[in-house]
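Below: the structure, in structure tokens.
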Amino acid sequence: VQLQASGGGLVQAGSSLRLSCVASGRTFSTYAVGWFRQAPGKEREFVGGISFSGISTYYPDSVKGRFTISRDNAKNTVYLQMNRLKPEDTARYYCAARQTKIDRWYSEQENDYDYWGQGTQVTVSS
């Protein structure tokens, strides 16, 4: 499966952005998806995950209450809605996928995902 992330940009603190991750090549409904971000000089960080059916979502404390993941399997698309953005959210955001038969599966570890998009840059000014 090929993943294409989009929707990033330059915004002011307090603003919102919605990132999209579009999959092509295979049926996306059997893939769990994770969103990660990486700022310059920092390690890649998990910012959320969604099970293949969409029934379960997972967030670290750093974004809980501000970020929401959803998916539309009919459109082969997963979304990351980011609200109340902060300058520390500035990073390149990546979506990643792993095919699984276990609904509710997710992982915060990047090595557990098999497919990655190219990323989209999000810059939040203060």
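Computed from a prediction, not measured in an experiment: that's the story for all the values here.
- For the pair Arg37 and Tyr94, the cation does not sit on the ring face, since its NZ or CZ is not both under 6.0 Å from the ring centre and inside 45° of the axis.
- In the model, Thr77 has no side-chain atom that pairs as donor or acceptor with a side-chain atom of Asp72 under 3.5 Å.
- In this structure, Arg44 satisfies the cation-pi test against Trp116, with its NZ or CZ atom closer than 6.0 Å to the six-membered ring centre and inside 45 degrees of the ring normal.
- Atom OH of Tyr31 and atom CZ of Arg71 lie 11.0 Å apart (nearest 0.5 Å).
- Atom OG of Ser53 and atom CG of Asp103 lie 3.0 Å apart (nearest 0.5 Å).
- Side chains of Trp35 and Leu19 form a contact here, defined as non-hydrogen atoms less than 4.5 Å apart.
- In this structure the side chain of Met82 never reaches within 4.5 angstrom of the side chain of Val63, judged on heavy atoms.
- Side chain to side chain, Ser107 and Asp112 meet the donor-acceptor criterion of an N or O pair below 3.5 Å.
- The aromatic rings of Tyr93 and Phe67 lie tilted to each other, with the angle between the two planes from 30° to 60°.
- For the residue pair Gln12 / Ser125, no side-chain donor-acceptor distance below 3.5 Å is found, with atom types taken as modelled.
- For the pair Arg84 and Asp89, the tightest heavy-atom approach, listed with the atom from each and the gap, is O-OD2, 4.4 Å.
- Rounded to the nearest 0.5 angstrom, Asn76 CG and Cys21 SG are separated by 10.0 Å.
- Using a 4.5 Å cut-off between side-chain heavy atoms of Ile, Leu, Val, Met, Phe, Trp and Tyr, with links allowed through other members, Tyr115 and Tyr79 fall into different hydrophobic clusters.
- Taking CD of Glu108 as the start and CZ of Phe46 as the end, the distance is 5.0 Å to the nearest 0.5 Å.
- Remark: the backbone N or O of Gly8 is not paired with any side-chain donor or acceptor of Arg18 at under 3.5 angstrom.
- Considering only residues two or more places apart in sequence or on other chains, Tyr58 meets the ring-ring contact (aromatic ring centres under 6.0 Å, His included) condition with Tyr106.
- When hydrophobic residues (I, L, V, M, F, W, Y) are linked wherever their side-chain heavy atoms come within less than 4.5 Å, Phe52 remains an isolated member.
- Side chains of Arg104 and Ser51: no donor on one and acceptor on the other come within 3.5 Å.
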